[in-house]
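The structure appears right after this line, and notes come after that.
Atoms within each ligand, like the ligands themselves, are counted from 1 in listed order. For reference, positions follow the sequence shown, starting with 1.
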Amino acid sequence: MDIVKRYQEAKELYKQIGVDTEHAIKKLSEVSISMHCWQGDDVTGFEGARGLSGGIQATGSYPGKARTPKELMDDMDMALSLIPGTHRINLHASYGVFEEGNSADRDKIIPEHFKPWVEYARERNLGIDFNPTFFSHPLADSGLTLSHPDERIRRFWINHGKACLKISEYIGKELNKPCLMNIWVPDGYKDIPADRYSPRKRLMDSLDEILSTDYKKEYVRISVESKVFGIGLESYTVGSHEFYMNYASTRGVLCLLDSGHYHPTETISDKIPSLLLFSDKLALHVTRAVRWDSDHVVLFDDELREIAKEIIRNNALDKVLIGLDYFDASINRISAWVVGMRNMMRAMLYALLLPNERLAQYQSEGNFTEQMILQEELKSYPFGDVWDFFCEKMGVPVREKWYMKVKEYEDKVLVKRV
Ligand code: RNT
Ligand code: ZN
């Protein structure tokens, strides 16, 4: 049966429970997700290969990873052509385009290094988000950056943060879309610390110094990302959830919740409404943690749907800034992007197609029986027919057919990267 016919039938079924599929499709086409550049090259960047540090790891050795800005941009183009909607890209400071004789250490990077990215984004109508890179650098080898007790090292990283703020401002201004600058530092200790207070005090002071940079707020939003532990930094993380939640609310910056950064049964979906009660905006790193913060590709699983539901039913599409954050080096990297991005969009559609008001009413009436029945029946409503229709309408391949394009590109381009 053809896509339009299937869609018309689905539309009727949803109408019977009070859901308007046209409205859902319109809303979905406005959703913008930040696609992280670092899936394309296992978080390597362009500063000259250095091992990944900071307690994060990309595992796998699938061939074809991007080695240059041009390759990464080409790969991102390939991925974006298979994802419905207009999105943003997320860069790390380590992805500056350093031409011959133009390289600079992290504390000295300037907007010029990111000009090719701005041009790339402008031509494609994409937004750009940005991240200072507080890892994979000799001065981060100790596992400490903004909380380092050595004033010289701490200063270096403060200057990096300040440099990144100017770059974010430049990006936001050039593209005329606010750039989200997210601060994550790996800082922590492998074993039980003797002093938990002083590193946090130093982190707080360093962040305050970075924020004291003169910058135009209309072009930059700042977020801070907490974590519970990292590999080699198991016992103590300076930037814990409580630390950043309080920091963000007292400094007027955003909290960023990474779905891999909490205890294994703790979910970020449950945190979204709590934060929305106290702040106008928040940011997300959607990832999938398997037993630890392993950064697996985002699947269409229960927690992804819960995250999407919290955004939709709290009317927070313009309040929650969604970004993805994973890096799987064991599969085709372009497919990894496409699967995660399409799944995030798919989950948003799933949430948009729920009779949210009716379900909330059941809850407030204490009618948990019907609440459960409807929630469960909805799982096999013809949601896939609406999704297929949406993909077709947005001009991207329907269902798994997109992989053919990736495979062709792999055979033609990726295999030659040796
Ligand atoms: C690490 C954080 C952080 C990084 C990226 C590369 O645990 O999630 O966001 O993954 O900045
Ligand atoms: Zn993250």
Side-chain angles (χ1 to χ4, degrees), residues 33-47 50-59 65-66 72 88-96 106 128-137 140 143-146 157 160-161 164 167-168 179-188 222-234 236-241 243-244 248 254-264 266-268 271 282-298 303 307 320-329 333 336-337 340 344:
I33 298 164
S34 199
M35 187 173 95
H36 56 312
C37 76
W38 52 93
Q39 165 59 59
D41 72 339
D42 316 336
V43 212
T44 308
F46 304 131
E47 300 169 310
R50 201 176 188 275
L52 183 56
S53 78
I56 54 178
Q57 265 175 26
T59 58
K65 85 175 196 180
L72 189 58
R88 310 195 302 278
I89 58 168
N90 204 355
L91 302 178
H92 246 284
S94 51
Y95 288 76
R106 299 260 176 93
I128 297 183
D129 294 324
F130 198 69
N131 304 259
T133 310
F134 293 101
F135 51 87
S136 303
H137 185 282
L144 299 171
T145 62
L146 291 180
W157 290 113
H160 176 56
C164 287
I167 293 166
S168 302
C179 169
L180 175 69
M181 182 179 106
N182 175 54
I183 299 177
W184 170 71
V185 297
D187 298 34
I222 296 178
S223 63
V224 284
E225 177 181 10
S226 70
K227 189 164 177 171
V228 65
F229 85 98
I231 298 289
L233 305 163
E234 287 86 355
Y236 169 77
T237 297
V238 184
S240 61
H241 183 57
F243 174 89
Y244 278 129
L254 316 187
C255 259
L256 183 143
L257 308 175
D258 180 307
S259 50
H261 287 190
Y262 297 86
H263 287 279
E266 193 178 354
T267 55
I268 64 160
K271 301 181 193 300
L282 70 117
L284 304 181
H285 268 180
V286 181
T287 183
R288 182 167 53 102
V290 179
R291 304 186 193 284
W292 68 287
D293 181 30
S294 58
D295 288 302
H296 279 65
V297 177
V298 167
E303 171 60 1
I307 291 169
V320 181
L321 312 176
I322 310 169
L324 304 187
D325 177 18
Y326 53 78
F327 24 98
D328 189 338
R333 294 171 184 79
W337 269 321
M344 191 70 240

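Under a 4.0 Å heavy-atom criterion, Phe327 is in contact with ligand 1.
Draw a line from the Zn ion (ligand 2) to OE2 of Glu225 and another to OD2 of Asp325, and the angle between them is 170° (to 10°).
Heavy-atom contacts of His261 reach the following atoms of ligand 1: 1 (C), 2 (C), 7 (O), 8 (O) (cutoff under 4.0 Å). Counting atoms of ligand 1 from 1 in the listed order, those under 4.0 Å from a heavy atom of Asp258 are 8 (O). Short contacts between ligand 1 and Ile56, defined as distances under 4.0 Å to a heavy atom of the residue, involve ligand atoms 1 (C), 7 (O). Interface of Asp293 with ligand 1, defined as ligand atoms under 4.0 Å from a residue heavy atom, comprises 7 (O). Numbered from 1 in the order shown, with element, the atoms of ligand 1 that lie under 4.0 Å from a heavy atom of His285 read 9 (O).
Within Asp258, the N, O or S atom lying nearest to the Zn ion (ligand 2) carries the name OD2. With respect to the Zn ion (ligand 2), His285 has ND1 as its nearest N, O or S atom.
Ring pair Tyr326/Trp38: centre-to-centre distance not below 6.0 Å. His92 has its ring centre no less than 6.0 Å from the ring centre of Phe130.
In the model, His261 has a side-chain atom that pairs as donor or acceptor with a side-chain atom of Asp293 under 3.5 Å. Checked by atom type, the side-chain pair Asp129/Asn182 shows no donor-acceptor distance below 3.5 Å. For His285 and Thr287, the side-chain atoms include no donor-acceptor pair closer than 3.5 Å.
Below 3.5 Å of separation, one finds no N or O of Asn182 facing any N or O of ligand 1. The distance criterion of under 3.5 Å between nitrogen or oxygen atoms is not met by Asp295 with respect to ligand 1.
In terms of protein heavy atoms, atom 11 (O) of ligand 1 is closest to His92 NE2, 2.7 Å. Ranking the protein heavy atoms by distance from atom 9 (O) of ligand 1 puts Glu225 OE1, 2.8 Å first. Given atom 8 (O) of ligand 1, the protein heavy atom at minimum distance is Asp325 OD2, 2.8 Å. Of the protein's heavy atoms, Lys227 NZ, 2.7 Å lies nearest to atom 7 (O) of ligand 1.
Between Ala93 and Thr133, the shortest heavy-atom distance links the atoms N-OG1, 3.0 Å. For the pair Ala58 and Asp42, the tightest heavy-atom approach, listed with the atom from each and the gap, is CB-CB, 3.8 Å.
Residue contacts with ligand 1 for His36 are absent, since no atom lies close enough (heavy atoms, distance under 4.0 Å). Counting heavy atoms under 4.0 Å from ligand 1, residue Asn131 does not touch it at all.
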Open item on the list: Walk me through whether His36 and Asn90 qualify under side chain to side chain donor-acceptor pair (under 3.5 Å).
Closed with: CA-CA 4 Å; His36 56 312; Asn90 204 355; over 6 Å; no
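The pair Glu266-Lys271 meets the salt-bridge criterion, with a side-chain N (NZ, NE, NH1 or NH2) lying under 4.0 Å from an Asp/Glu carboxylate O. Salt bridge Asp41/Arg333: absent, no basic N to carboxylate O contact under 4.0 Å.
Remark: Leu284 CG to Cys255 SG distance equals 11.0 Å, nearest 0.5 Å.
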